[in-house]
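Remarks on the structure that follows.
Residue indices begin at 1 and follow the sequence shown.
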Amino acid sequence: MASPILQPAKQDQAKHDSDEEWIKKHLFNLAMQGKWDNVIKTYQEKPAALRAKITRSGDTALHIAVLDRKELVVEKLVKLINDEVKRVEAKKKEQKAKEGKEASTSSREGEGGKEEKYEHPLEIKNDRGNTPLHLAASIGNVRMCWCIAREHKKLVDSRNNERETPLFLAALHGKKAAFLCLHDLCDPNSRSNNSRRGDGETILHCAISGEYFDLAYQIAHKYEGLLNSFNESGHTPLHLLASKPAAFESGCHLGWFRKIVYYCLYVEKLKKESFPHYDIQQSVEDKPELQKYPENYATCVNFFQVLNVLWNVFTKSVIPAPCKKDPTEKNDLENPKKGQCDASHKEGVQSSNRVDEQPQLLPPNYYISFEFLKFLYKAMLVVLGFGSKMKKKIQAKKEKNIWSIQIMDKLLESVSSEYDGSAGSRPMEVGGMDVYRAIDPINTPEAKQPTKMENERIDQDKIIDEMAKKKIDEMAKKETPILIAAKNGIVEMVDRILNLFPVAIHDMNSKKKNIVLLAVENRQPHVYAFLLKKEILKENMFHVVDNEGNSALHLAAKSNNSHPWRIPGAALQMQWEIKWYEYVKKSMPMHFFVRYNKDNKTAREIFTETHTELVEKGGEWLNTTSNSCSVVAALIATVAFTTSATIPGGIEAESGKPTLEKQPAFNVFSISSLIALCFSVTAVVMFLAILTSRHQEKDFGRDLPRKLLCGLSSLFISIAAILVSFCAGHFFVLKDELKYVAFPIYAVTCLPVTFFAIMQFPLYLDLIWATFKRVPQRSYAAVA
């Protein structure tokens, strides 16, 4: 039995536990109901609420407030937490000051373990290991990041269960403003370590993988040590960029009108940016104050905003040129514009005084006219109905294309080591040194002796080294960036790398395939055409065979199951496969290609073997299409034959001439019915010819597509003619009483047949494009 003396202590403990449970339930209910003022009062009255985890996932009220983006609430809660921590620390100091020297020594020895385990309320993690700062960084809220980490900068170094820091999460989710804020708060000595996750992935890899090129540009300038860094798979940022064909203009396919809009849009190049230390409260608007007017006033407010933009266009007088500050020149107090730039910050970010030196498109005195023309252009797009969603999509696409080139240029500035004699060597090692060790701050000469806080980093470094050694043989087989770019059809990267490093033309992968073989194998006509025009040793590059003895013609003959061509239907896919094979074959003299590979097969034999399934699917597709179209053509032929043999109004008994011979509608009826009969019969014959064809592979090159094109053309003409014939013949019935109502009735009556023609018309356009285009067009999806 427990001693009676211990009973009050147990009762106090039980009461304390019940109070904690009540606080958790109370805070949870208030947070779920959005009663944040009451949550703040609870924090003020109950100090235990500061550390209470109120959800199953271990979130505190501060975690939930951050996720709900309650900026003012977060600021108040953080202030209460900091005040409470300061009060507790001050109380401890007073107690230690009152105690004697011996008592204080013994208390330090006895309570040392407790002090080490003491956890700041802002450092409390949920079940995923995320602090409130992790969540604020993930959603990209600059104000909350600054509020939480300003007085407690150790939080920037905190890692969750995935070994991710808040800085890494901001980069992972593409939150540039939050990233710059945390970068500024981060200790310069720990920035390099915070830029990596536990598996070796870096912030630059994440930014490029997510196609956040504006953020990647800032990372590339602030973390130059990451430009050549490798992730767990042995890929550098340039490798990842080479696997993003849609990020470049060569992989951007737009219609003719969208292409005009694309080239008319103006995109500013990226510049180095830094985080402003001043007016952080003004840099992010408070959400409760965003709308200060009734909803029905929104149109008027938007109109005045447009007028404000127009006013700004006319009031601007100088273009913000880049600063080229002489280091020997001092700031002139009488002329402050000399030697410094205008500070501008948008979305919590401002351009730094030193930006990339870029040539200006226009003189400074033309800036007003240029801005006014841009405004008129945008207004014209809005008036024409193309200025909202479509313009934003095209603008985003062009920004991605322009900025990816800037990232590529920056990355290529630091890849010279890849072509200094180690081309095709192990990507995890550069110059005999492990890359992980080369960029990790622990192994640099500036690193200090490991402290207690650095033990985690040392363990992480050992894990990365072990992973690198296990995969070193596998990494040796990784492809270089130019090979990946050639495989994905990125002409810009292939061109730039060959201009900077001509030796890269000799790069090969583990299967001994160079850029020519990869471009042919992956159906990249733009890259192949570029290499044909390039002044290179064609006999060396185009005469190369892979480790199986396959030449470029053999690889062009092999079927690609991913259906790379931008054309629908198995038959048209087969047609473009034949065109690609013929294009590669005719691009070079026959003696350039090896006739037999190691399996003793010619390119033609490989083409026949690998395209058997596609030929079968193409035949089925043609039969299905021909069946459906031939039924319609036969019906039209039947009706056209009947109408062509019928004379509206009859004939005169004496002369045998039609009674309506002199009417214009009668002539239209006679001609259109004859045209409908002629072309419908032609369509039936063409579709029957397709159905009775042998469907051999050579037939898909010209014979079958042209028959289908002729059949569809005849079908569309016959449909239009039979409709005209029907309307002209029926017009005699309604011309006297319902003359003006006849045309709407005819339009409604012709809708069913018209819908059929409209549904088949896209196939008709694709067929024309595929038949008359000399070189097939690739669909630019990334190739694994």
Side-chain angles (χ1 to χ4, degrees), residues 66-67 69 71 74 130-150 152-160 162-198 200-227 229 231 237 240-241 270-280 283-284 344-352 354-356 399-400 403-404 406-407 410-411 439 441:
V66 170
L67 289 176
R69 302 172 188 265
E71 296 175 352
V74 170
N130 290 321
T131 64
L133 185 60
H134 281 88
L135 303 180
S138 298
I139 63 178
N141 193 298
V142 183
R143 185 169 176 175
M144 290 193 293
C145 289
W146 179 264
C147 169
I148 295 172
R150 178 177 50 185
H152 201 62
K153 296 183 178 181
K154 286 195 306 180
L155 290 171
V156 183
D157 301 330
S158 177
R159 293 182 180 271
N160 59 13
E162 299 293 330
R163 311 299 298 158
E164 297 166 336
T165 62
L167 183 76
F168 187 93
L169 286 178
L172 181 65
H173 294 91
K175 309 300 181 182
K176 183 178 70 173
F179 173 83
L180 293 175
C181 174
L182 295 173
H183 167 80
D184 187 75
L185 293 171
C186 185
D187 184 5
N189 296 325
S190 61
R191 283 175 180 170
S192 179
N193 185 58
N194 290 341
S195 64
R196 277 190 180 273
R197 191 165 51 190
E201 196 83 3
T202 70
I203 53 178
L204 188 56
H205 285 86
C206 293
I208 293 178
S209 295
E211 298 185 358
Y212 308 121
F213 294 125
D214 53 343
L215 174 58
Y217 186 82
Q218 307 305 325
I219 296 174
H221 282 82
K222 298 180 183 301
Y223 295 82
E224 294 188 353
L226 299 180
L227 296 179
S229 59
N231 63 5
L240 297 182
L241 188 62
L270 294 170
K271 301 176 182 178
K272 291 174 62 177
E273 298 174 356
S274 60
F275 183 75
H277 290 273
Y278 57 89
D279 292 340
I280 183 63
S283 65
V284 182
S344 62
H345 56 89
K346 184 180 180 181
E347 297 179 359
V349 188
Q350 70 172 6
S351 297
S352 64
R354 182 181 175 276
V355 297
D356 294 338
E399 287 177 351
K400 188 186 295 183
W403 296 346
S404 63
Q406 287 187 263
I407 298 294
K410 182 63 178 177
L411 294 175
I439 64 170

[Y] side chain reached by [X] side chain, heavy atoms, under 4.5 Å:
{"X": "T131", "Y": "H134", "value": "yes"}
{"X": "L133", "Y": "L182", "value": "yes"}
{"X": "R196", "Y": "S229", "value": "yes"}

Drop me the distance from [X]'s [atom1] to [Y]'s [atom2], to the nearest 0.5 angstrom.
{"X": "N189", "Y": "D157", "atom1": "CG", "atom2": "CG", "answer": "10.5 Å"}
{"X": "F179", "Y": "D214", "atom1": "CZ", "atom2": "CG", "answer": "11.5 Å"}
{"X": "N194", "Y": "T165", "atom1": "CG", "atom2": "OG1", "answer": "4.5 Å"}
{"X": "S209", "Y": "L204", "atom1": "OG", "atom2": "CG", "answer": "9.0 Å"}
{"X": "Q218", "Y": "Y212", "atom1": "CD", "atom2": "OH", "answer": "16.0 Å"}
{"X": "K272", "Y": "K222", "atom1": "NZ", "atom2": "NZ", "answer": "6.5 Å"}

Any donor-acceptor pair under 3.5 Å linking the side chain of N141 with the backbone of M144?
-> yes
Using modelled atom types only, decide if a donor and an acceptor are shared between the side chain of Q406 and the backbone of L270 within a distance under 3.5 Å.
-> yes
Taking all atoms of both residues into account, what is the closest heavy-atom pair of [X] and [Y], and its distance?
{"X": "F168", "Y": "S195", "answer": "CD1-O, 3.8 Å"}
{"X": "P166", "Y": "A137", "answer": "O-CB, 3.3 Å"}
{"X": "K153", "Y": "L185", "answer": "CD-O, 3.6 Å"}
{"X": "G174", "Y": "L215", "answer": "CA-CD2, 3.8 Å"}
{"X": "V142", "Y": "C181", "answer": "CG1-CB, 4.1 Å"}
{"X": "P237", "Y": "L226", "answer": "CG-O, 3.6 Å"}

Flag the pair E224 and K410 as a salt bridge only when some basic side-chain nitrogen lies within less than 4.0 angstrom of an acidic carboxylate oxygen.
-> yes
Identify whether the distance between the nearest side-chain nitrogen and carboxylate oxygen of R197 and E162 falls below 4.0 Å.
-> no
Could you go step by step and tell me if N193 and R159 meet the side-chain contact (heavy atoms from CB on, under 4.5 Å) rule?
-> CA-CA 11 Å; N193 185 58; R159 293 182 180 271; 3.3 Å; yes
For [X], enumerate each residue passing the side-chain hydrogen bond (donor to acceptor under 3.5 Å, both in side chains) test, keeping only those at least two apart in sequence or located in another chain.
{"X": "H152", "value": "E123"}
{"X": "N160", "value": "N130, E164"}
{"X": "Y223", "value": "H183"}

Do I219 and T202 pass the side-chain contact (heavy atoms from CB on, under 4.5 Å) test, and can you show the C-alpha distance, the side-chain angles, and the key distance before you say yes or no?
-> CA-CA 10 Å; I219 296 174; T202 70; over 6 Å; no
Take D184 and L180 through the side-chain contact (heavy atoms from CB on, under 4.5 Å) test and state the conclusion after the steps.
-> CA-CA 6 Å; D184 187 75; L180 293 175; over 6 Å; no
